[in-house]
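Everything below concerns the one structure shown next.
What's counted below: heavy atoms across the whole structure, side chains too, no hydrogens, waters or symmetry copies. Here is how names work: the chains are called A, B, and so on, in the same order as the sequence lines, proteins then strands, and each is numbered from 1.
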Amino acid sequence: MMEKFCRIENNVKVRLLLQGTMPERALLRLRRAGIAVYHAKKIEPKKLRLDVKKKDVEKVFAIFCGACYNISTYSAYTVTALGERGIYKYLRIVKNRAGLVLGGLLFVATVAFFDGFVFAVDFEGANVYQREARIALEEQGIRLFSPYDEEGAKGVVTKLLALDGMEYCAVKKSGMRVTVELRLSPFQTAQLQSGNMQAKHSGILLSLVTLRGEAQKKAGEKVRKGEVLVSDSFTTTDGGQVRVEPIAYARVACTHESVYDAKNETEAFAKAYLALGFSGEERITKREITPMGTGYKVYLCYEEIERMNF
Amino acid sequence: MRLFDEIFKDVDGIALSRCTFVPNGGGYFEGVKSIGDFSSERIVICFSKQSVEVCGVGLSIKKYYDGDLQLSGKIASVVHVSGGGE
């Protein structure tokens with residue numbers, strides 16, 4: 001490899017500037033010395049520009065004694081080296097600045113590698129569905145410091161477009177930032193659920209806030225699953241019945257007791273949590289986990305939130 | 001070819017100088033001893049016993065080594081000039 005490089009180096013051409021009266025006469029001396037001359041061109045009446053092989057440069061300077069600045073001998077001609085020609089000039093730069101070139105390549109490679117990752121997520125447009133957008137991104141595997149997945153982005157767009165009122169949704173990646181653009185339809189009106197508000201859990205009703213409809217239960221009463229909490233009609237002052245879409249919010253205190261086959265309390269609690277299917281709004285007020293046989297008995301008291309059009 | 005061998009050798013069998021050129025193109029000259037006048041419009045090439053004057057536009061020596069000279073540019077005319085040598 002080194003021999004090949006040396007051979008390439010020896011074939012590198014160096015540009016020289018020959019100055020003197022009738023510089024073309026100097027070509028005769030070069031011919032006699034067996035030095036090949038390339039691309040000779042007279043650029044001025046007393047200046048001749050030519051290329052010679054790098055291995056012949058020293059011979060040229062030896063022929064025209066007095067061409068060097070520190071030798072005080074008369075010479076009809078002066079020779080100046082103008083530099084290497086062609087791609088070899090850049091190969092020399094690479095060879096002399098190998099560390100710099102390597103550092104530059106490493107930098108480019110690092111940027112190219114990390115360009116495929118997500119370092120920030122921005123939201124533009126309507127913020128009302130930002131929470132749903134974050135959940136959708138998480139589900140499709142688009143999260144911070146993870147590789148960006150084009151298919152996942154399409155999945156996010158599909159999920160978000162299915163949301164009520166969503167007119168336009170786009171997930172774009174620019175550099176290392178992912179931008180989620182959401183736009184709601186300006187003409188979309190809210191679709192309210194109709195019918196009675198029924199309890200989804202059994203327990204004790206802690207509070208019931210009714211904005212529309214007629215409350216059928218009071219705070220402190222026991223409720224069973226399926227029981228009507230708020231009816232979808234109310235009686236007017238003149239005795240008439242008007243149907244409405246209920247808008248209400250309730251808190252129900254529930255309990256749960258079950259035995260789970262688990263190795264430890266944490267696992268038993270996790271199984272109970274999953275079995276109840278909490279959405280994140282619930283609040284656990286009491287927790288008792290006791291060993292029983294090969295498993296654990298889990299007793300939980302929690303507050304469940306129920307809402308309709310709220 | 002034997003014909004060319006006969007054309008390009010003198011009675012003593014010594015190879016003669018040769019000129020090959022393309023009108024409005026470059027040229028190749030063998031047996032060059034020295035170069036006389038040289039500019040981008042005119043170059044005088046000296047062989048052992050005669051010289052030729054090459055006129056054209058943008059003339060430059062592409063390669064000159066061991067008596068072989070390759071001219072680049074647009075050669076308009078090649079005229080024989082008596083006299084030559086180093």
Exercise for the section: Find the distance between OH (Tyr64(B)) and CG (Leu28(A)) and round it off to the nearest 0.5 Å. Expected result: 6.5 Å

Handout entry: Heavy-atom contact with chain A under 4.5 Å, split by part of Asp68(B)
Key = neither

Problem - With Phe113(A) via ring-ring contact (aromatic ring centres under 6.0 Å, His included) - residues at least two apart - result: Phe117(A)

Practice task
With the side chain counted from C-beta on, respond yes when Ile61(B) and Leu50(A) share a heavy-atom pair under 4.5 Å apart, and no when they do not.
Solution key: no

Handout entry: Distance, nearest 0.5 Å, that separates CG of Asp37(B) from CE of Met22(A)
Key = 5.5 Å

Practice task
Using the test side chain to side chain donor-acceptor pair (under 3.5 Å), find all partners of Asp51(A) that sit at least two apart in sequence or belong to another chain.
Solution key: Arg15(A)

Practice task
Enumerate the residue pairs fulfilling ring pair (Phe, Tyr, Trp, His ring centres under 6.0 Å) with a member in residues 119-145 of chain A, sequence neighbours excluded, ordered by first and then second residue.
Solution key: Phe119(A)-Phe145(A)

Fill in the blank from the handout: Against chain B, residues from residues 34-47 of chain A with at least one heavy atom under 4.5 Å, in numeric order, are Gly34(A), Ile35(A), Ala36(A), Val37(A), Tyr38(A), His39(A), Ala40(A), Lys41(A), Lys42(A)

Practice task
Return the minimal non-hydrogen interatomic distance between Leu48(A) and Phe38(B), and the atom names on each side.
Solution key: CD1-CE2, 3.2 Å

Exercise for the section: Please check if atom NZ in Lys62(B) has more than 12 non-hydrogen atoms from other residues, nucleotides or ligands closer than 6.0 Å. Expected result: no

Problem - For the student: nearest non-hydrogen atoms of Lys33(B) and Arg31(A), plus distance - result: O-NE, 2.8 Å

